[in-house]
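Scroll down for the structure; my scribbles are underneath it.
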2 protein chains.
Amino acid sequence: MRVLKHAILGLLDRGEMSGYDIMTEFKDKEIRHFWSAKHSQIYPELKKLTDEGLIEFKIEIQGEKLEKKVYSITDAGKKELNKWLSTLEQEFITLKDEFMLKAYFISSIPKDEAREQFFNELEKHKNRLSFLEEEFEKLKVVIGDEITYESKEFGNYLVLTNALKRENRYCEWLEDSLQFMK
Amino acid sequence: MRVLKHAILGLLDRGEMSGYDIMTEFKDKEIRHFWSAKHSQIYPELKKLTDEGLIEFKIEIQGEKLEKKVYSITDAGKKELNKWLSTLEQEFITLKDEFMLKAYFISSIPKDEAREQFFNELEKHKNRLSFLEEEFEKLKVVIGDEITYESKEFGNYLVLTNALKRENRYCEWLEDSLQFMK
DNA sequence: AAACCCATGTAACGCGTTACATGATTAT
DNA sequence: ATAATCATGTAACGCGTTACATGGGTTT
């Protein structure tokens, strides 16, 4: 699969970045709603991609002597990214969700504890939902009324609209399910 | 985390099973929409749980000499399962979705190829959706008009209703997004 | 007889997290 | 000065997939 490999190639295709920058993408930017990676995974992966010739780096100095490796994608890297983006996945991959596993077994604990589980989950998803709504409002300011395939913000738009729908229906489902635990 | 550990404990809490039975649960039953594991992961995990005293097994013979290990949960195992089911998770875990990562970078490929990607994904989710609808109809026959927390089928009901909502909104989002790729 | 399902295991490898480890720069 | 942020790495361990490996039982 090598998903992180392609995530990094995709990010670098937009412009050069350091390992630290990539780390913050997964921590702060839209894509964090669907993928993440820690710096301890990113740095070895960058080394590997460099060895494979898919990316390259130059060293920049911050301030007096702090070294920063600024990575950029190579032609081979662009080719690999395009290959991944164009490959049609035929298999249906299970989208794993640990809370749903708990839900499947929930009858093993008393009803009031189950309600507590669901209520806690609902709070989390409600928080995420209002955060997403704020993010979406900000995006609307940037893109105006129209969004097109060619827009620089198209990826953000896709990810945010999907995340919004996801959290909306998750909240709905949690609320519906809580009705059975009264 | 040890998610598989608790998945196995949850399954065995409903009744004794072999490793093969557990494998088929993840392949054929409702929970496959949110979790899965291969036999190569299940058998070592069963060994580990046995060593930890959370489950135990007896050997049954199928036919002439085919040995089957039938596992059951111990009191220690039930305690551990209850602990896991009652623990409130405070962190918001990123629900990973590789297709959404592709969507984030989709502008890197030509519009017609992007449309193909989204169309392929839509077909997969539509198929899954009609399959879920069939599964839900079957469940409705079993449970009748009412479902309660105490019902044996409550876990199935929760998982199926969530999966239905998930696939519905995924299809909606894919169709909406395709509008921008004309 | 062949195909398919039941049944169990191991080995190699890759993915991912937590913890260990260090040091510079910037903002308060 | 001290806290937060910028910046990069490694080590140990656990999770998960693919492939290797074997053999019995059932159905066509």
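Sequence lines set the chain letters: A, B, ... in the order given, protein chains first and strands last, and positions in each chain run from 1.
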### Message
In this structure, how many angstroms lie between the C1' atom of C:dT18 and the CD atom of B:Glu91, rounded?
### Response
13 Å

### Message
Let me spell it out: for each of B:Asp21 and B:Lys96, pick the nucleotide of DNA chain C with the closest heavy atom. Which residue's pick is nearer the 5' end?
### Response
B:Asp21

#### Entry: Cation-pi, B:Tyr104 ring and A:Arg32 (6.0 angstrom, 45 degrees)
no

### Query
Which listed nucleotide (C:dC5, C:dC15, D:dA19) is nearest to the side chain of B:Tyr20?
C:dC5

### Query
Under the 3.5 Å rule, do the base of D:dT8 and the side chain of A:Ser18 count as making a donor-acceptor pair?
no

### Message
D:dT8, OP1 or OP2 - any side-chain N/O from A:Lys47 closer than 4.0 Å?
### Response
no

### Query
Do A:Tyr170 and A:Asp97 have side-chain atoms, one donor and one acceptor, less than 3.5 Å apart?
yes

### Query
Within the pair A:Lys69 and D:dA7, is there a side-chain N or O less than 4.0 Å away from OP1 or OP2?
no

### Task
Report yes if the distance between the aromatic ring centroids of B:Tyr149 and A:Phe180 is under 6.0 Å, otherwise no.
no

#### Entry: Heavy-atom pair with the smallest gap, counting every atom of B:Phe105 and A:Leu85
O-CD1, 3.7 Å

### Message
Less than 4.0 angstrom between a side-chain N/O of B:Arg2 and OP1 or OP2 of D:dC15, yes or no?
### Response
yes

#### Entry: Spacing of A:Lys27 atom NZ relative to D:dA4 atom P, expressed in whole Å
13 Å

### Task
Return no unless some side-chain N or O of B:Lys68 is found under 4.0 Å from OP1 or OP2 of C:dT8.
no

### Task
Assess the side chains of B:Glu167 and B:His33: does a donor N or O sit below 3.5 Å from an acceptor N or O?
no

### Task
Report yes if a side-chain nitrogen or oxygen of B:Gln41 is closer than 4.0 Å to either non-bridging phosphate oxygen (OP1 or OP2) of D:dC15; otherwise report no.
no

### Message
Distance check needed: D:dA7 P versus A:Glu25 CD, whole Å only.
### Response
14 Å

### Query
What distance separates B:Glu64 CD from B:Leu66 CG, expressed to the nearest 0.5 Å?
11.0 Å

#### Entry: Between C:dA19 (C1') and A:Lys38 (NZ): distance, integer Å
12 Å

### Task
Strictly below 4.0 Å, heavy-atom distances to any atom of DNA chain D: list the hits from residues 56-67 of chain B, or just say none.
B:Gln62, B:Gly63, B:Glu64, B:Lys65, B:Leu66

#### Entry: Length of the line joining B:Ile8:CD1 and D:dG16:P, which is rounded to integer Å
11 Å

### Task
Please tell me which of the listed nucleotides, D:dA21, D:dG16, D:dT17, lies nearest to the side chain of B:Leu4?
D:dG16

## Note on the structure
Whole-Å distance, B:Tyr43 OH to D:dT22 P, equals 17 Å

### Query
Atom CG of B:Leu46 to atom P of D:dG16: distance rounded to whole Å?
15 Å

### Message
Rounding to an integer number of Å, can you tell me how far B:Glu45 CD sits from D:dG16 C1'?
### Response
11 Å

### Task
Mark yes or no: A:Lys165 above the aromatic ring of B:Trp173, with NZ or CZ under 6.0 Å from the six-membered ring centre and no more than 45 degrees from the axis.
no

